[in-house]
Amino acid sequence: MIDDFLAGDLTEIEAAVRAAAAAEIMPRYRQLAAHEIIEKNGPHDLVTTADRLAEEHLTAALSRLLPGSVVVGEEAVHADPKVYEALGGEAPVWIVDPVDGTRQFVRGEPGFCTLVALAHRGELLASWTYAAALDEMAVAVRGRGATLNGTAIRSGSPEPDAVLRVAMSHPDYTTDAQKRALLGLRTEDIDARPCGSAGLEYLAVARGDLDALAFNWEYAWDHAAGLLLVTEAGGTQATLSGVPFRIAGGNDLPFTAARDRATADRILAALRTGA
């Protein structure tokens with residue numbers, strides 16, 4: 001079933017992502033009322049009416065396009081954590097973050113996106129990263145490469161011995177052990193900064209505008225789409241122990257996604273030094 005689906009017309013998925021953004025996100029961009037913004041777990045963890053309604057829109061559309069599939073969305077998991085268990089099940093899974101970069105969206109900045117990935121039995125098969133305010137749509141399909149607005153993209157490699165440009169989790173939002181690991185990136189040959197929208201940071205790596213990422217959290221909706229995008233653009237990813245990131249969880253954190261293997265190895269070595 002899933003092979004036949006992937007061999008079909010995947011532009012319907014892109015259209016569904018665009019439609020959800022057009023109906024539920026962009027009409028509220030720079031138009032949010034105070035009652036449409038809610039703190040979930042504190043002032044840095046926000047949800048808006050746009051998040052909730054866009055996820056509902058996508059859940060209905062994606063389930064219809066692939067009968068028998070299930071949806072693991074950020075807001076659905078917040079309401080019922082057991083929804084996350086579907087990542088380890090037998091059914092194909094749509095992994096959805098309706099508004100990645102909610103803080104940027106709330107501030108009226110364009111650095112947010114909608115993330116959708118399709119996985120089956122823990123394997124990432126396809127992904128869509130849509131930055132509606134920037135009019136950018138990145139698509140990746142396993143074994144077929146990655147595109148941005150229909151044009152193939154490649155991550156390439158940094159110049160040998162170049163200072164690496166890295167986006168990382170903010171140290172304020174980590175455990176003490178993870179904070180120590182991330183501080184290993186504070187070296188002369190690494191220029192590290194806190195990340196913005198995870199989805200757009202992955203896109204920056206996939207297109208070669210950023211050398212690597214280092215993240216300490218593993219929620220699948222933040223990473224699934226971007227991990228496939230980076231790897232299909234020629235990059236790579238690995239956890240602190242050197243094994244690939246597992247979307248169902250239980251990873252050795254922090255982990256990295258990078259333009260090439262040599263860059264990933266440099267990031268992992270720095271993280272291990274910090275740890």
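Each residue takes its place number in the sequence, starting with 1.
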Kindly say whether [Y] contributes a backbone atom to a donor-acceptor pair with the side chain of [X] at under 3.5 angstrom?
{"X": "Glu24", "Y": "Ala54", "result": "no"}
{"X": "Asp211", "Y": "Arg165", "result": "yes"}
{"X": "Asp252", "Y": "Leu240", "result": "no"}
{"X": "Thr263", "Y": "Arg259", "result": "no"}
{"X": "Thr256", "Y": "Leu213", "result": "yes"}
{"X": "Ser127", "Y": "Ala225", "result": "yes"}
{"X": "Arg30", "Y": "Gly108", "result": "yes"}
{"X": "Gln237", "Y": "Pro244", "result": "no"}
{"X": "His223", "Y": "Trp217", "result": "yes"}
{"X": "Glu55", "Y": "Asp97", "result": "no"}

Can you name the nearest heavy-atom pair linking [X] to [Y], along with the distance?
{"X": "Ser241", "Y": "Arg272", "answer": "C-NH2, 3.9 Å"}
{"X": "Ala220", "Y": "Ile247", "answer": "CB-O, 3.6 Å"}
{"X": "Gly68", "Y": "Pro92", "answer": "O-CD, 4.1 Å"}
{"X": "Phe255", "Y": "Leu227", "answer": "CE1-CD2, 4.1 Å"}
{"X": "Asp222", "Y": "Ala198", "answer": "O-CB, 3.8 Å"}
{"X": "Glu75", "Y": "Pro98", "answer": "CG-CG, 4.5 Å"}

May I ask whether [X] and [Y] are part of the same hydrophobic cluster, defined by side-chain heavy atoms of I, L, V, M, F, W, Y residues being less than 4.5 angstrom apart, directly or through others?
{"X": "Ile2", "Y": "Leu87", "result": "no"}
{"X": "Leu66", "Y": "Leu124", "result": "no"}
{"X": "Leu58", "Y": "Leu229", "result": "no"}
{"X": "Trp94", "Y": "Leu53", "result": "no"}
{"X": "Val230", "Y": "Val139", "result": "no"}

What I want to check is whether the side chains of [X] and [Y] have a donor and an acceptor closer together than 3.5 Å.
{"X": "Thr102", "Y": "Asp51", "answer": "yes"}
{"X": "Ser197", "Y": "Asp100", "answer": "yes"}
{"X": "Asn149", "Y": "Thr151", "answer": "no"}

State, yes or no, whether a side-chain contact exists between [X] and [Y] at a heavy-atom distance under 4.5 Å.
{"X": "Leu148", "Y": "Thr129", "result": "no"}
{"X": "Leu210", "Y": "Arg193", "result": "yes"}
{"X": "Val96", "Y": "Val72", "result": "no"}
{"X": "Phe215", "Y": "Pro254", "result": "no"}
{"X": "Leu10", "Y": "Val141", "result": "yes"}
{"X": "Asp191", "Y": "Val166", "result": "no"}

Atom CD1 of Ile25 and atom OG1 of Thr49: how far apart are they, to the nearest 0.5 Å? 12.0 Å
[X] [atom1]: over 12 foreign heavy atoms closer than 6.0 Å:
{"X": "Tyr29", "atom1": "OH", "result": "yes"}
{"X": "Asp80", "atom1": "CG", "result": "yes"}
{"X": "Arg142", "atom1": "CZ", "result": "no"}

Could you walk me through whether Val116 and Leu62 pass the side chain to side chain contact (heavy atoms under 4.5 Å, CB included) test, one step at a time? CA-CA 10 Å; Val116 173; Leu62 298 173; 4.0 Å; yes
Is the distance between the ring centroids of Tyr130 and Trp128 under 6.0 Å? no
Step by step, would you call Val93 with Val71 a side chain to side chain contact (heavy atoms under 4.5 Å, CB included)? CA-CA 6 Å; Val93 182; Val71 178; over 6 Å; no
Could you tell me whether Glu123 and Arg121 make a salt bridge, using a distance below 4.0 angstrom between a side-chain N and a carboxylate O? no
Given salt bridge (Lys or Arg N to Asp or Glu O under 4.0 Å), test Arg207 with Glu136 step by step and report yes or no. CA-CA 12 Å; Arg207 67 202 299 185; Glu136 293 185 337; 3.5 Å; yes
For side chain to side chain contact (heavy atoms under 4.5 Å, CB included), just list the numbers for Leu182 and Lys179, CA-CA rounded to whole Å, side-chain angles, deciding distance to a tenth of an Å, and then say yes or no. CA-CA 5 Å; Leu182 290 171; Lys179 186 185 277 90; 5.9 Å; no
Show your working on side chain to side chain contact (heavy atoms under 4.5 Å, CB included) between Ile153 and Thr147 and close with a plain yes or no. CA-CA 5 Å; Ile153 54 174; Thr147 62; 5.8 Å; no
